[in-house]
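So that we are looking at the same thing, I have put the structure below in structure tokens.
Positions are given from 1, in the same order as the sequence printed here.
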Amino acid sequence: MPTPPEAEKQHTGPEEGDQPPSMSSRDAAPPAPPRRNPCCLCWCCCCSCSWNEERRRAWRASRESRLQPLPSCEACATPSPEEVRSWAQSFDKLMHSPAGRSVFREFLRTEYSEENMLFWLACEELKAEANQHVVDEKARLIYEDYVSILSPKEVSLDSRVREGVNKQMQEPSAHTFDDAQLQIYTLMHRDSYPRFLSSPAYRALLLRGRSTSSSEA
């Protein structure tokens, strides 16, 4: 008796209905996010990893508000003629005067080197911070803004100081940028300060002080 054609099929494996459905590329589970490479120096912006986006936006807004132009000297407490004259006695006296820093920063802006003062001020702010979490965030922002070779506001540091900063950025502290800050302070003292004393802006302040003293006499 001939075997029915259906019976001639060989059973080679589980029926099609018994097999799990194949997973299309569209239904595939999304790949796991890349693990953070502990050797990746994300603070220097040289790789794809980043901080939490919300926290990054908040700090970006904070940084932008801090980098708004300083008020003019007239908007600050008006320096006395004696204070203005003291700025010519030493660079330290100029930098310890809020009005002096304001006028000097405006002068640096005319020389396209305002980032030196901004970096110095940011380092001063960092050194006054006690919260380690805030120190970490501010140190990363300072590095990104003024030390990273990708930044348009990069300050001029020699290779020794830059290497030291890179090492300390592995575990930032309030004094991570001390050597770099000193180098920029010295650069402003030797390079920009003498030109500032000869600038029209400073001469105008001296003349204003003299005229004030004459009118009071």
Side-chain angles (χ1 to χ4, degrees), residues 36-47 49-73 75-77 87 90-109 113-189 192-193:
R36 181 172 179 174
N37 184 349
C39 298
C40 179
L41 305 182
C42 60
W43 38 263
C44 69
C45 304
C46 61
C47 65
C49 61
S50 62
W51 313 319
N52 176 272
E53 188 62 26
E54 290 297 328
R55 186 173 62 179
R56 184 183 180 91
R57 283 200 295 265
W59 275 100
R60 180 75 60 181
S62 173
R63 178 184 61 181
E64 290 174 353
S65 66
R66 292 199 307 272
L67 298 185
Q68 293 299 317
L70 285 176
S72 64
C73 185
C76 302
W87 298 345
S90 73
F91 187 56
D92 286 345
K93 291 186 177 181
L94 172 68
M95 292 294 283
H96 279 86
S97 165
R101 290 195 300 269
S102 176
V103 175
F104 186 53
R105 175 178 166 181
E106 291 297 332
F107 170 75
L108 293 176
R109 183 176 297 179
S113 58
E114 184 186 12
E115 65 275 3
N116 290 333
M117 176 64 81
L118 292 175
F119 173 69
W120 187 87
L121 291 171
C123 292
E124 288 293 291
E125 181 181 337
L126 178 67
K127 288 191 292 187
E129 184 57 60
N131 185 303
Q132 184 58 46
H133 173 71
V134 178
V135 166
D136 291 344
E137 297 290 358
K138 287 187 176 182
R140 294 174 191 278
L141 288 174
I142 291 173
Y143 188 97
E144 179 182 321
D145 278 345
Y146 304 110
V147 181
S148 170
I149 60 175
L150 302 179
S151 173
K153 295 184 293 186
E154 177 193 6
V155 296
S156 179
L157 300 173
D158 63 35
S159 57
R160 177 189 63 82
V161 171
R162 184 178 295 275
E163 182 179 355
V165 170
N166 288 342
K167 290 180 179 178
Q168 293 190 63
M169 280 300 297
Q170 303 298 327
E171 295 182 5
S173 74
H175 297 280
T176 291
F177 300 98
D178 280 4
D179 288 344
Q181 185 187 23
L182 177 59
Q183 187 166 86
I184 294 304
Y185 185 91
T186 303
L187 176 65
M188 291 191 293
H189 183 191
S192 302
Y193 176 60

Are the side chains of L157 and I184 in touch, meaning some heavy atoms are under 4.5 Å apart? yes
Contact summary for V165 and T176, nearest pair of heavy atoms: CG2-O, 4.2 Å
Distance-only polar pair, side chains of H175 and D178, donor-acceptor under 3.5 Å: yes
Quick one: does F177's side chain get under 4.5 Å of F119's, heavy atoms only? yes
Rounded distance [0.5 Å steps], NZ in K138 versus CD in E129: 4.5 Å
Does any part of the side chain of W120, heavy atoms only, come nearer than 4.5 Å to the side chain of N116, both counted from C-beta? no
Within a reach of under 6.0 Å around CD of E154, are more than 12 heavy atoms found that belong to other residues, nucleotides or ligands? yes
With the side chain counted from C-beta on, respond yes when F104 and S192 share a heavy-atom pair under 4.5 Å apart, and no when they do not. yes
Test ring-ring contact (aromatic ring centres under 6.0 Å, His included) applied to Y193 - qualifying residues, sequence neighbours left out: F91, H189
Under the 3.5 angstrom rule, does the side chain of Q183 hit a backbone N or O of D158 as a donor-acceptor pair? yes
Not counting sequence neighbours, which residues clear side chain to side chain donor-acceptor pair (under 3.5 Å) with N131? List them please. none
Looking at every heavy atom in both S173 and V135, which two are closest together, and how far apart are they? C-CG1, 3.5 Å
Decide yes or no for Y146 and S151: does some side-chain heavy atom of the first lie under 4.5 Å from some side-chain heavy atom of the second? no
Just by distance, no angles: are the side chains of Y143 and N166 close enough, under 3.5 Å, to form a donor-acceptor pair? yes
Check the pair E124 / R101 against salt bridge (charged side-chain N to carboxylate O under 4.0 Å, His left out), numbers first and verdict last. CA-CA 13 Å; E124 288 293 291; R101 290 195 300 269; over 6 Å; no
Charged N to carboxylate O under 4.0 angstrom, R140 versus E144? no
N/O donor-acceptor pair under 3.5 Å between R105 side chain and E114 backbone: no
Might you point out which heavy atoms bring M95 and Y185 nearest each other, and give the distance in Å? CG-CE1, 3.8 Å
What is the minimum heavy-atom distance between R162 and I149, and which atoms define it? NH1-CG2, 4.1 Å
How long is the straight-line distance from CG of L118 back to SG of C123, given to the nearest 0.5 Å? 11.0 Å
Out of curiosity, L121 CG to L126 CG, how far, rounded to the nearest 0.5 Å? 12.5 Å
Do side-chain atoms of T186 reach the backbone of L182 as a donor and acceptor pair under 3.5 angstrom? yes
State, with a plain yes or no, whether a side-chain heavy atom of S90 is found less than 4.5 Å away from one of K93. yes
Residue pair M117 / M188: nearest heavy atoms and the distance that separates them: N-SD, 3.9 Å
To the nearest 0.5 Å, tell me how far I142 CD1 sits from E137 CD. 12.0 Å
